[in-house]
Protein chains: 2
Amino acid sequence: MSGPTNGTGASERTAAVDATQNGGRVTMQQVAAEAGVSVSTVSKVLNGRYGVSSHTSETVTEVVNRLGYEASLIARSLRNRRTNVLGVLVADFEPFSTEVLKGAADAIRGTGYELVAYSAGGRVDEQVGWERRYLSRVMGTLVDGAVLVTPTVTDVKYDGPIVAIDPHTGRSPLPTVTADNLQGGRLAVDHLLGLGHRRIGMLTGRSDLVSARLREKGYREAHAAAGVPVDEALLRLGAFEPEQGRIGARELLTLPDPPTAIFAANDLSALATLEVAAELGIDVPGRLSVVGFDNIPDSALADPPLTTVQQPIRQMGHDAVEMLMALVAGEEPADTHPTLSTTLVERRSTAALKATS
Amino acid sequence: MSGPTNGTGASERTAAVDATQNGGRVTMQQVAAEAGVSVSTVSKVLNGRYGVSSHTSETVTEVVNRLGYEASLIARSLRNRRTNVLGVLVADFEPFSTEVLKGAADAIRGTGYELVAYSAGGRVDEQVGWERRYLSRVMGTLVDGAVLVTPTVTDVKYDGPIVAIDPHTGRSPLPTVTADNLQGGRLAVDHLLGLGHRRIGMLTGRSDLVSARLREKGYREAHAAAGVPVDEALLRLGAFEPEQGRIGARELLTLPDPPTAIFAANDLSALATLEVAAELGIDVPGRLSVVGFDNIPDSALADPPLTTVQQPIRQMGHDAVEMLMALVAGEEPADTHPTLSTTLVERRSTAALKATS
DNA sequence: CTGAAAGCGCTAACAG
DNA sequence: CTGTTAGCGCTTTCAG
């Protein structure tokens, strides 16, 4: 009668608690020992399986509560096919991905699913293909399905439930949620055209990304629809980044016959344009109108506040998770490549073209 | 000679790949079979253990690359004490926690650690104590240490490395990173006092949270330092939320002798104050100055843009993770309860008090 | 140098 | 109704 196994003891603080070797985790072993039953019985009680006497069940429950036991996500995942955990895989936690995360959280609320966001913290050395690595590490074990945020490659060979958000390279075999970049480009340029602008410059995005190409296409389509010819001399590479955007903007604005408006493929280069204009003493929106794309927080704080095209990022996260849940449940989503509308956010960087002096 | 185990075969696409039963995961078993060696040998090669012939090593490496094998995070975690993964545990993914996440990502970049953010999606039913549940589920198995974001309770009994960010209830036994709420409150009220205001109302926060009490204390200290008496009739409960904030603001502004300025304990109630003022036809900042706390994105877009106290949320995430890494490495952090400075962001909701008409 | 075997914490047959 | 046993994918002794 000397083992700690003599169960139902009424002692308030028993030995099982001091097992601090696992970083303080209480294991099922300890619960079993404390309750004087076997591990499998504890498992049954915890999972509500039938075939346990109500007395045993109560005892176990009491011990579980007293010890504050919680099943290890890991061990459970390893054993079960199903985990009720959804993964959001991101290259890094930056404004776009965290916004997606908020939308994802909105979508799982009240569904019983849990959310795990995973990132190796933007390891530059192995940029391309990070999604494959991550997928291998968590799919089929930790999570039931995954959302890939802006993956660089989409020819993934997993047959598990996966949804990609805004993939870098075109349409892919896997379900995808994207913003309507084409429509966004049109929106921006239509706005400028409506304001009377006819010489509209564009700072294009990274040519290897579909999103960038679609925005440019929107620019061209808007011109065509309005019967305004595109002056190819007014297109410059902005590459989605401030430095290159600044260079392109400067070239455009120092032209003999500069554009009266500039559509930048993203806010970062639009903001750079604003800076260049200020340096050149060009009044915005007095002598130059600027439209961006993305609606990042900074754009509202710019001087003047930037008119820009907003992507419904949060909504994209929400829809991707909803689609993923359907996939996990074995359903076939109605639309596997939904495209979400973009909207124009009018602020003060655009104005009607003044009559030529 | 019929088994698939006959190893070194030169066939391009062998059978091992078709094992689609694990959601497409390639397991070490499959790699071993394909390479014609045992599982343990594969493990050794992957972990760079000594005692493997260079020939075997090459064969295995080749197969690993060809099959795109990646170790399962789960299985590895279960076996090893150390995982090189850090956890950020949040009740929900909302603006505050996602901002923390960005800071955390900044901190792990280049350290070799990976980051997992975990959330059960704000299950309302068991609000208090979610941190205990989460901790049990991931500590000691999935992650080496964890950052708790705004936990409701901090008397956690784990001895593993844990750092809390902005805990709801006072100082705790565990290491903590917080914003200087007291200083923030002083900053706000000093600003108002400096503008000439003498009748300054306050919309207080939730009385059960230390942060709220400290902000109020700052309000009082600023008054004391300036030798201005506090008029208790000018304090109203804002409770950190719009509805209650609106009620408090209305009471304050309809007083016979209303305050000329209001310090709201958070932006949400400050924004509510702005709305009430507009409804009442009170010009801000002409007849009323308003200062908030938090600097949420909406505050910059308000009309007028809100002057507010900014918390360095991102920095808090960064510092918490740095502290966590030190803890995991077995080091003793210099300061286990660092407090980060808050700053005043002056926008257009505050102005100098006009001479009384 | 290589493989067989044990075991991390848990669940699911299957016996007792 | 309960306990024993096997095994999820991996690492690590320990024999061969």
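First the proteins, then the strands, lettered A, B, ... as listed; each starts at 1.
Across the protein-nucleic acid pair, Leu142(A) atom CG and dC8(D) atom P stand 18 Å apart, rounded to whole Å. For the pair Leu46(A) CG and dA12(C) P, the computed distance is 12 Å after rounding to whole Å. In this structure, Asn80(A) atom CG and dA6(D) atom P are separated by 20 Å, rounded to whole Å. The separation between Met139(A) atom CE and dG9(D) atom P is 14 Å, rounded to whole Å. In this structure, CZ of Arg76(B) is placed 8 Å from C1' of dC10(D), rounded to the nearest angstrom. Between Arg49(B) atom CZ and dT2(C) atom P the separation is 16 Å, expressed in whole Å. Summarising the geometry, the separation between CG on Asn47(A) and C1' on dA12(C) is reported as 10 Å, rounded to the nearest angstrom. Taking atom CE of Met28(B) as the reference point, atom P of dC10(D) lies 6 Å away to the nearest angstrom.
From Ile74(A), atom CD1 reaches atom CD1 of Ile74(B) across 3.0 Å, with rounding to the nearest 0.5 Å.
Not a single side chain to side chain donor-acceptor pair (under 3.5 Å) links Asn65(A) to another residue, sequence neighbours left out. Residues satisfying the salt bridge (Lys or Arg N to Asp or Glu O under 4.0 Å) criterion with Lys44(B), sequence neighbours excluded, are absent altogether. Every residue meeting the side chain to side chain donor-acceptor pair (under 3.5 Å) condition with Ser40(B), not counting sequence neighbours, appears here in chain and number order: Ser38(B). Considering only residues two or more places apart in sequence or on other chains, Val143(A) meets the side chain to side chain contact (heavy atoms under 4.5 Å, CB included) condition with Val85(A), Val138(A), Met139(A).
In the helix from dC1(C)-dG16(D) to dG16(C)-dC1(D), the end axes, each obtained as the rotation axis mapping the C1' atoms of four pairs onto the next four within a five-pair block, lie 50° apart to the nearest 10 degrees.
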Name the pairs: protein N/O against N/O of nucleotides 13-16 of chain D, kept only if under 3.5 Å.
none

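Considering only the side chain of Leu78(A), dG9(C) comes nearest among dG3(D), dG9(C), dT11(D).
Within the 4.0 Å cut-off from OP1 or OP2 of dC8(C), not a single side-chain nitrogen or oxygen of Arg81(B) is found. Not one side-chain nitrogen or oxygen of Ser72(B) sits closer than 4.0 Å to the OP1 or OP2 atom of dG9(D).
Between Arg79(B) and Val52(B), the residue anchored closer to the 5' end of DNA chain C is Val52(B), taking for each the nucleotide with the nearest heavy atom. Residue order along DNA chain D, read from the 5' end via each residue's closest nucleotide, puts Ile74(B) first among Thr41(B) and Ile74(B).
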Using the side-chain contact (heavy atoms from CB on, under 4.5 Å) rule, take Leu73(A) and Thr141(B) through it: C-alpha gap first, then chi angles, then the decisive distance, then the call.
CA-CA 8 Å; Leu73(A) 188 59; Thr141(B) 44; 6.0 Å; no
Walk me through it: do Glu99(A) and Val149(A) pass the test side-chain contact (heavy atoms from CB on, under 4.5 Å)?
CA-CA 11 Å; Glu99(A) 207 58 30; Val149(A) 181; over 6 Å; no
Decide yes or no on side-chain contact (heavy atoms from CB on, under 4.5 Å) for Val163(A) and Val177(A), but give the supporting numbers first.
CA-CA 7 Å; Val163(A) 177; Val177(A) 175; 4.2 Å; yes
Could you go through Val147(B) and Met316(B), starting from their C-alpha distance and side-chain angles, then the distance that decides it, and tell me whether this counts as side-chain contact (heavy atoms from CB on, under 4.5 Å)?
CA-CA 11 Å; Val147(B) 172; Met316(B) 289 161 75; over 6 Å; no
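If you check every strand for non-hydrogen atoms under 4.0 Å, Ser43(B) touches a base. Among the atoms of the strands shown, only primed sugar atoms or phosphate atoms (P, OP1, OP2) are found under 4.0 Å from some heavy atom of Tyr69(B). Backbone-only engagement by Thr56(A) is indicated by non-hydrogen atom pairs under 4.0 Å involving sugar-phosphate atoms exclusively.
Judged purely by distance below 3.5 Å, without hydrogens or angles, the side chains of Glu62(A) and Thr59(A) never pair a donor atom with an acceptor atom.
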